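Data first, discussion second: the structure below is written as structure tokens.
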Amino acid sequence: MTLPVELASIFRAKQKSYKMVLILCIIEEYKQTKLQFLPLSTVAERFLSYYQSSNEEGQTVDTPPANVADSWGAFTLTQTKSLLKTPIDALSAVLETTGDSITFKTSIWSVLDEAMLQELAEYAQTQLDAYNEQLAVQFNFSLKETFDHVLDNYLTFKTQPFANHSVGALVRNRIPEYLRSLDFIDSEYKVQGSIGQGNWVGIPWIAILDKRLNMTIQRGEYIVYLFAEDMSAVYLTLIQGVTEPLQRLKKKRAYPYFKQKSEEIRAILPLENLQLDDLVPGIGDDYQAAIIASVRYERGQVPNDAQLLADLKNVVHNYKLYAEIVAQKSPPTELPVFKYTIAHLYLTQGIINYLGQYPNQFTSLEELIAHPGVIFKTGDEIKNPKERAQHLGRAIQELGLITIEDNQYALTSLGWNYFQGFDLQIWQLSANQAELLRNYFSEEVAHDQASNLIKVMNLAIALCEELENFTLVQFNEPFIAAMGMEESWSTVTQESRSRFMLNWLEELQYLRKSGDMYTYEQPIKEEPVDNLSVMERIEAIKVFIRGKGFHFPQGLIENFYLSLKTKPFAILAGVSGTGKTKLVKLFAEALGATSSSGQFTLIPVRPDWSDPSDLLGYKDLTGAFRPGKLAEVLAVAAQERNRHKPYFICLDEMNLARVEHYFSDLLSVIETQEWREERIVTVPLIEAKSLAPEDQPLYGGLALPDNVYLIGTVNMDETTHPFSKKVLDRANTIEFNYINLEQFPDLVGSQVEEAGGRAPNAFLRSEFLQLIDAYAQHEELAKRVTAQLVRVNGILEQVHSHVGFRIRDAVCFYMIYNEQFELMGEDEAFDLQLLQKILPRVQGSSSSVKRVLLQLMQVALGRNLPLQDYLDNASELYMKWSSWSASEEKAKYPFSARKLAFMLRRLEEDGFTSYWLS
């Protein structure tokens, strides 16, 4: 293909055939008229004609939007021009519209000769034919084959990039479309599916809801296919919505409520050929507690389509009976209706601001309207101020911000907190005010006495959460139906009310808008406060690890914690089989960071890794970004809803490849950490401008979040590579070479759960980035530690291994944290820093290296040595100090002394020494 890159990938992302057909229509019209600027109406006529003639000839093509027309034959030219906005926007990189005309951009015309135009037409036709062939296959839909496909492959799919994955379209669109086409699924039913929002969900689902009972899966009763988390089975279930009851009753009271409700429903329905017990493994405790009846289809034993449809028809029959019973027993309830515009969210600010000047007292309506310049944004120009004030007052009364009695207005306690949240711009919602309203909506979600506005807000929020990513058109239909206003409101009114609601939700930070697409934003949880002190938390971690049957040397957990607290990158070194990887996994699990939660990730390093793309990802030949495993974890950890949770990434056998090659970007980015709005941020690992537009939202500007901790495990042998000082400067190197095989598991019980509950990220996140951050409060300790480092640095200068400010700061931080949390003595802590930050830098074969090792041994022992004697033969020294029990003498820094003894022995016996050879 010789097409320029701008044209060569325009059909890479396609959900419909519209883009291909549009390009073909433009080319055909140009060939006929030789005009570069083509009338949009003429192109629209060609576009509509293609679908209408294809339908008449019996060809398989996309159906028109269901909410607009039943067939292409009923589609109008005006509707076609409106529909064309979607592919035109998608092709905005190569097309532009001016008034009523459409054309290729000037930059595209400059390279389009007749041959290139023909190639583009052939490209579009080839893509269109392939798409329609696939569409024809889809029309021959098999529910059995689809379930088999998901059960057999979903766990593999979860290891792949989430964005635009084919199984997403299958679960969200194709299966619901098929189910809606069944004759026993009538228009009263809403069908939707999900594999997650932005990330893979453990239990995919496809739900069928009777709109008369509920419009959201968060409450009420509905039918749902649930896939077991281990993909061992898929269940067809009649179930209760769990979200709202759990919010209202909490788990302790909600589970008995679910059980009682299930028993009541089972007593009034036939439920023939359905399983009625609660034993439905693999779908989570909440779903299991809420199941009324189910059918299980095991992987490899899913029955044929006829049986699947018979089972579904049976469950739908019971569901319809239940809906009829509910309708007979319950008087019709008044549905909540949204009556406001986006202006109501701003124009009410003046009344609240005025009432806030007079707390704990009522203010009359007459007094309010006597100050139009204060309570109305337009001031004295307002017409009918009394009616306007009353109208605005009703809105904020429904929001719970004011109370009104006999035209007397006063702030509620919520309103007073809202008033205190004002910033300088009173006619705009502040971040604090938006958060206050979000919390209030959440509290009122299940209250029957909630106001009409609160109910309709929560209804819209629930719909957006289920839709996840959607347009105004996709939101409009279920939202209007949920309010029962399909017949009462005109099409224009329906669309405007839906748009106003989305405006509200966007302003309140429930939604993020990009172009015509809205994305639901999960509620951001505040950073939880740890209910344990650091010392208690570490003790709980050790108990957890012992309960799992493992035992690590005394002080190791404290050392590992301090190392990660100092810098979010540590190296665990030692011989194979000592438990390096297990330590990382158990430490993470003790804090609630498990593989199943996505907070612990093991990445085995391959010997052929040679650049950062092996970790971060790369762009393929089409320009699409293929994220590496590290990039996927960073993207999840960086999401606002996850920022309070720690994420652990274990790079196993880290030095099988050269770390400086594949890890270079991470090493550099770690050093760009800085404080920004109480968060630690770095420069991006992946620049947004280097990615295609569809990849930018998730991976563009991806940096290293302050809740990610990188731990490398290394074995030092002939198959591995040594570390450069660039790596060693940025990590604490914790060694695992001293093995006591007589350590046995403590039988404290094997059912130990998370160590004191999940730990917040604050437990591990650094508090200092530069020494100035800690110096004022820890000046004395910083000077004391620095004085020792100055002495050591004077020794290291002899072999050009002295350290700089980076290591000075890191050692000071380690010592400060240790003193702050009272984890070990000062000498013990400095011993570990000497061992982990200084000694790995020393290696060589010269007499200068030996002299340096002997001088460092003097520091470690805390006394002078006859250096000249030991320069000739140091065997007496290293034989004495290479074992803990060899001497009753005490070293000031025993771990360092023992390591130095091994390094001296290697130098004398092998003629070369290194930290890694002992």
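A quick note: this is a predicted structure, and the numbers were derived from the prediction, not measured.
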Ring centroids only, cut at 6.0 angstrom: are [X] and [Y] within range, meaning strictly under it?
{"X": "F768", "Y": "W675", "result": "no"}
{"X": "Y709", "Y": "Y647", "result": "no"}
{"X": "Y225", "Y": "F147", "result": "yes"}

Between [X] and [Y], is any pair of side-chain heavy atoms under 4.5 Å apart?
{"X": "T672", "Y": "V681", "answer": "no"}
{"X": "F475", "Y": "C464", "answer": "yes"}
{"X": "I807", "Y": "R841", "answer": "yes"}

Who passes ring-ring contact (aromatic ring centres under 6.0 Å, His included) against [X], sequence neighbours left out?
{"X": "F157", "value": "H149, H165"}
{"X": "W609", "value": "Y662"}
{"X": "Y178", "value": "F141"}

With S107 via side-chain contact (heavy atoms from CB on, under 4.5 Å) - residues at least two apart: K105

task: Would you please name every residue forming a side-chain contact (heavy atoms from CB on, under 4.5 Å) with T126, sequence neighbours left out?
output: none

Does the [X] side chain pair with the main chain of [Y], one donor and one acceptor, at a distance under 3.5 Å?
{"X": "K645", "Y": "A759", "value": "no"}
{"X": "N655", "Y": "N715", "value": "yes"}
{"X": "N173", "Y": "L170", "value": "no"}
{"X": "W205", "Y": "F227", "value": "no"}
{"X": "S563", "Y": "N732", "value": "no"}
{"X": "T682", "Y": "A703", "value": "no"}
{"X": "R512", "Y": "Y518", "value": "no"}
{"X": "Q599", "Y": "P646", "value": "yes"}
{"X": "N707", "Y": "N642", "value": "yes"}
{"X": "D62", "Y": "S17", "value": "yes"}

Who are the salt bridge (Lys or Arg N to Asp or Glu O under 4.0 Å) partners of [X], not counting sequence neighbours?
{"X": "D614", "answer": "none"}
{"X": "E674", "answer": "R676"}
{"X": "D113", "answer": "none"}
{"X": "R806", "answer": "E671, D729"}

message: Would F763 and Y561 count as a ring-ring contact (aromatic ring centres under 6.0 Å, His included) here? Give the steps.
response: CA-CA 9 Å; F763 171 66; Y561 167 71; 4.5 Å; yes

message: What I want to check is whether the side chains of E660 and S724 have a donor and an acceptor closer together than 3.5 Å.
response: yes

Side chains of T471 and D516, donor plus acceptor under 3.5 Å: no

Set of side-chain hydrogen bond (donor to acceptor under 3.5 Å, both in side chains) partners for [X], sequence neighbours left out:
{"X": "K585", "result": "E589"}
{"X": "S801", "result": "none"}
{"X": "R765", "result": "D706"}

statement: Which of T566, D809, N559 passes side-chain hydrogen bond (donor to acceptor under 3.5 Å, both in side chains) with Y814? It is N559

How many angstroms lie between [atom1] in [X] and [atom2] in [Y], if you round to the nearest 0.5 Å?
{"X": "I649", "Y": "F569", "atom1": "CD1", "atom2": "CZ", "value": "11.5 Å"}
{"X": "L710", "Y": "C650", "atom1": "CG", "atom2": "SG", "value": "10.0 Å"}
{"X": "L591", "Y": "L764", "atom1": "CG", "atom2": "CG", "value": "6.0 Å"}
{"X": "E506", "Y": "T519", "atom1": "CD", "atom2": "OG1", "value": "10.5 Å"}
{"X": "E122", "Y": "I27", "atom1": "CD", "atom2": "CD1", "value": "10.0 Å"}
{"X": "L24", "Y": "K19", "atom1": "CG", "atom2": "NZ", "value": "13.0 Å"}

message: The test is side-chain contact (heavy atoms from CB on, under 4.5 Å); show your working for I88 and T97 and say whether it passes.
response: CA-CA 8 Å; I88 289 172; T97 56; 3.9 Å; yes

statement: Partner of L583 under side-chain contact (heavy atoms from CB on, under 4.5 Å), picked from I734, L572, T713, I711, is L572

- request: Answer yes or no: does atom CG of D152 have more than 12 heavy-atom neighbours from other residues, nucleotides or ligands under 6.0 Å?
  value: yes

task: Measure up the F587 and F648 rings against each other and bin them: parallel (under 30°), tilted (30 to 60°), perpendicular (over 60°).
output: perpendicular

For [X] versus [Y], what's the shortest heavy-atom pair and its separation?
{"X": "M231", "Y": "V150", "value": "SD-O, 4.0 Å"}
{"X": "A124", "Y": "F11", "value": "CA-CE1, 3.5 Å"}
{"X": "V201", "Y": "S194", "value": "CG1-O, 4.4 Å"}
{"X": "R643", "Y": "A637", "value": "CD-O, 3.2 Å"}
{"X": "L651", "Y": "F663", "value": "CD1-CE1, 3.5 Å"}
{"X": "Y699", "Y": "P627", "value": "OH-CG, 3.3 Å"}

query: Would E767 and K565 count as a salt bridge (charged side-chain N to carboxylate O under 4.0 Å, His left out) if you check the C-alpha gap in whole Å, the side-chain angles of each, and the deciding distance to 0.1 Å?
result: CA-CA 8 Å; E767 298 171 19; K565 185 81 171 175; 3.5 Å; yes

- prompt: Hey, mind stepping through K567 and I670 against side-chain contact (heavy atoms from CB on, under 4.5 Å) and telling me if it holds?
  reply: CA-CA 9 Å; K567 182 89 71 172; I670 286 174; 3.7 Å; yes

task: Step by step, work out the side-chain contact (heavy atoms from CB on, under 4.5 Å) result for D665 and D611.
output: CA-CA 9 Å; D665 287 7; D611 61 64; over 6 Å; no

Derivation of the side-chain contact (heavy atoms from CB on, under 4.5 Å) call for Y154 and T156: CA-CA 5 Å; Y154 188 76; T156 301; over 6 Å; no

